[in-house]
Amino acid sequence: MKISAFLLLILIGLPNAYAQENLASLGERQSLSLDGNWKIIIDPYENGYYDYRWQENPNGFFKNEKPKNKWDRIEYDFDKADSLTVPGDWNSQRKELFLYEGTIWYKKSFDFHKSEKTRVFLRLGAVNYRTVVYLNGEKLGSHEGGFTPFSFEITQLVREKENFVIVKADNRRCAECVPTLNTDWWNYGGITRSVTVVETPVSFIGEYSIQLQKGSLKSIYGRIHVINSRPRQHVTVNFPELKIHKRYTADSSGSAYFSFQVSVKLWSPENPVLYDVILTSETDTVKDKIGFRTIGTKGSQILLNNNPVFLRGISIHEEAPLRSGRAYSQDDARILLGWAKELGCNFVRLAHYPHNEHMVKEADRLGLMVWSEIPVYWTIKWENELTYDNASRQLSEMIARDKNRASVIFWSVSNETPLSVPRLEFLKGLIRQARSIDSTRLLTAAMERHYIDATTQIIDDPLGEFVDVLGCNEYIGWYDGLPDKADTIQWKTIYQKPLIISEFGGSALYGLHADSLTVWSEEYQESMYKHQIAMLQKIPFLSGMSPWILMDFRSPRRQLPGIQDFRNRKGLLSEHGEKKKAFYVLQKYYEEIRNKQK
Ligand code: GCB
């Protein structure tokens, strides 16, 4: 780095060691989109990052150097390189990248007319998994975790013409990562969600939350946080449709906490009302569409707006419908959630990581309650502090992004994690953290269960004490016996809490027909759903279910040629949107429940 650039960086406080936190409002603002074609360099040996002694190279690919003389030897050239579309994973865009796990460099050029007295941020919706970001040859910072947004301030570096942003994305798995080495989903790499440049006033609303106070149907509670605030500045909260206009004074840290009484139409799956909400500070305005509802529990019931509700759910991976790869668009969200609605759902489990923002926003609009989770999956390194910090950061980023979405009712901290003391401490820490950031939603986890005798399943995971709602995955009739085994099973729990069967299911290849004992056939899956439903109906403390899974999805663990071909076939629909027989079994059951509740 040249001395002058180095001094400049010290003066303006760059490079950021890590991505900015607590700027969730950036996602709700007008922005310049950097989506489209990005030039790429595939770099399996990370030569663009390390020198031949494996030291970080100060003149790596992020400098985007060009030969100035005919003898200059520069061994890369973004401008002559291939390109990939952003947003989008790389595996499904190029045949030779299908199985690729490693580093790819992305480059995009843009012009930007910055107004006077503003700040500018570069926001990345998600990059899987490890990211280093550079602008105009300078490092902005890094981020770890594949499913949450992050941003960097670029006010001092951005210029009118020919900015170039370079992103190093590395999707190699590691034992200490979250998720860890082993998952049952495709490790799609790359810039999988939109990239934007966002301009804000110098002093701006960085964050806000606004929802019904826990337990109250009339009292709105919230916070506006103004970054770089003049002390005791005024902020307002406005609901134009209700002609509500409230004014508050922020404290010296820029935060205004408020509560007021209001009569709103409550958000529910039957009536997903969203209100325009406009928040202002003395220099800034942010607009959102927000629904208001409460969520709670009473004994083994889940209460939505104080009324018991049974969650007719389905689990969904962020897998693109009707094409392959990671889902990212509003259309993808509409198709996936449209199928869930057609199935009769009022609830979706967005497995196994935070899905893109279109999913939760569409769920808000369509009236689907959402279970949102972080990828603490299977065998995480419970005793590694960095692993904990990573999970904890992903949790904060998920909550920061979605805390104003009425659809989201559950934060889930883990999936099928094996019992141990360090694991319990780890998960308790995450639960405490989630509660301290958001006291209004319910905490859950997808746990396991075990047999106490040949026909009795018990849920007694010590984690159950710390969650509000018990999530439990079970595969009776698939990994555990044949479908009719379910007829003999009864369920117990040591907790007086609601239970969601967060997974059950079995695989079928769409179009494969046989008798109901022939594995992989639609008839087997259909029979399994029938036996499951009969069993689940007998569980008195059951409050809902999210069978596994809406649509077949890519997984490296599923290799059987002609049947799986790298796809987990437990979908009720194929990846082409064809409905298997079990779809109709669940649809019929959900209709019956709906009719009973009327
Ligand atoms: C599970 C996991 C899920 C898998 C599923 C399966 O228990 O939570 O991620 O995909 O089983 O199909 O085996």
Side-chain angles (χ1 to χ4, degrees), residues 128 146-147 173 177-188 313-319 326-327 336 348-355 371-380 391 410 412-419 423 427 444-451 457 459 461 463 467 469-483 485-486 499-510 519-520 522 524-525 528-529 532 536 544-560 563-575 580 582 586:
N128 193 34
F147 303 97
R173 290 162 295 129
C177 293
V178 182
T180 183
L181 290 167
N182 198 15
T183 62
D184 188 15
W185 70 83
W186 207 261
N187 180 25
Y188 290 118
I314 190 74
S315 295
I316 305 183
H317 255 299
E318 195 185 41
E319 180 91 12
R326 266 269 165 270
L336 290 169
V348 288
R349 174 181 179 204
L350 301 184
H352 277 304
Y353 37 74
H355 286 211
W371 160 315
S372 190
E373 69 190 74
I374 50 170
V376 173
Y377 182 88
W378 291 351
T379 49
I380 293 288
F410 297 148
S412 170
V413 293
S414 61
N415 180 77
E416 285 183 0
T417 50
L419 307 194
R423 167 264 195 184
L427 297 179
T444 189
M447 299 182 284
E448 291 178 318
R449 80 264 107 72
H450 63 100
Y451 284 99
Q457 290 272 3
I459 301 165
D461 182 333
L463 185 60
V467 293
V469 171
L470 310 166
C472 177
N473 297 352
E474 53 94 1
Y475 281 88
I476 298 166
W478 185 253
Y479 298 124
D480 177 10
L482 293 174
K485 181 170 181 187
L499 168 69
I500 308 283
I501 293 290
S502 37
E503 287 180 27
F504 72 83
S507 295
L509 179 67
Y510 171 75
V519 73
W520 312 118
E522 283 195 44
Y524 187 109
Q525 190 191 37
M528 215 217 60
Y529 266 73
Q532 277 286 327
L536 297 178
M545 58 180 84
S546 49
W548 195 251
I549 186 168
L550 183 68
M551 190 187 78
D552 290 352
F553 61 97
R554 277 246 160 82
S555 167
R557 295 167 58 81
R558 310 294 171 174
Q559 300 170 347
L560 185 65
I563 300 285
Q564 295 177 311
D565 300 311
F566 279 142
R567 278 207 164 83
N568 183 316
R569 294 282 177 206
K570 295 192 186 69
L572 294 176
L573 296 108
S574 74
E575 70 275 26
K580 305 179 194 173
L586 189 63

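Each ligand, and each atom within it, is numbered from 1 in the order the structure gives. These figures come from a predicted structure and were not determined experimentally.
- A distance of 8.5 Å separates CZ in Arg349 from NE2 in His317, rounded to the nearest 0.5 Å.
- In the candidate list Phe553, Tyr377, Trp185, Tyr479, Tyr479 is nearest to atom 13 (O) of ligand 1, counting heavy atoms.
- Residue, atom and distance of the protein heavy atom nearest to atom 7 (O) of ligand 1 are Glu416 OE2, 2.2 Å.
- Distance from atom 10 (O) of ligand 1 to its nearest protein heavy atom, with residue and atom name: Asp184 OD2, 2.6 Å.
- Contact annotation: for Asn568 versus ligand 1, heavy atoms closer than 4.0 Å belong to the side chain alone.
- If you check the side chains of Glu373 and Tyr353, you find no donor sitting under 3.5 Å from an acceptor.
- Here's the thing with Trp378: none of its N/O atoms is less than 3.5 angstrom from an N/O atom of ligand 1.
- The pair Arg326-Glu318 counts as a salt bridge, with a side-chain nitrogen and a carboxylate oxygen less than 4.0 angstrom apart.
- In this structure, Tyr475 has its ring center no closer than 6.0 Å to that of Trp548.
- Taking atom 12 (O) of ligand 1 as the reference point, the nearest protein heavy-atom neighbour is Lys570 NZ, 2.6 Å.
- Looking only at side-chain heavy atoms (C-beta outward), Glu474 and Asp480 stay at 4.5 Å or farther from each other.
- Annotation: the span from Leu572 atom CG to Tyr529 atom OH amounts to 4.0 Å, rounded to 0.5 Å.
- Set against the non-hydrogen atoms of Glu503, the atoms of ligand 1 under 4.0 Å away are 1 (C), 2 (C), 3 (C), 5 (C), 7 (O), 8 (O), 11 (O).
- In the vicinity of Arg558, heavy-atom distances shorter than 4.0 Å reach the ligand 1 atoms 6 (C), 12 (O), 13 (O).
- Residue contacts with ligand 1, taken as heavy atom pairs separated by less than 4.0 Å, do not involve Ile549 at all.
- Distances below 4.0 Å separate heavy atoms of Tyr475 from the following atoms of ligand 1: 1 (C), 5 (C), 6 (C), 7 (O), 11 (O).
- Taking a cutoff of 4.0 Å between a charged side-chain nitrogen and a carboxylate oxygen, Glu575 and Arg554 do not qualify as a salt bridge.
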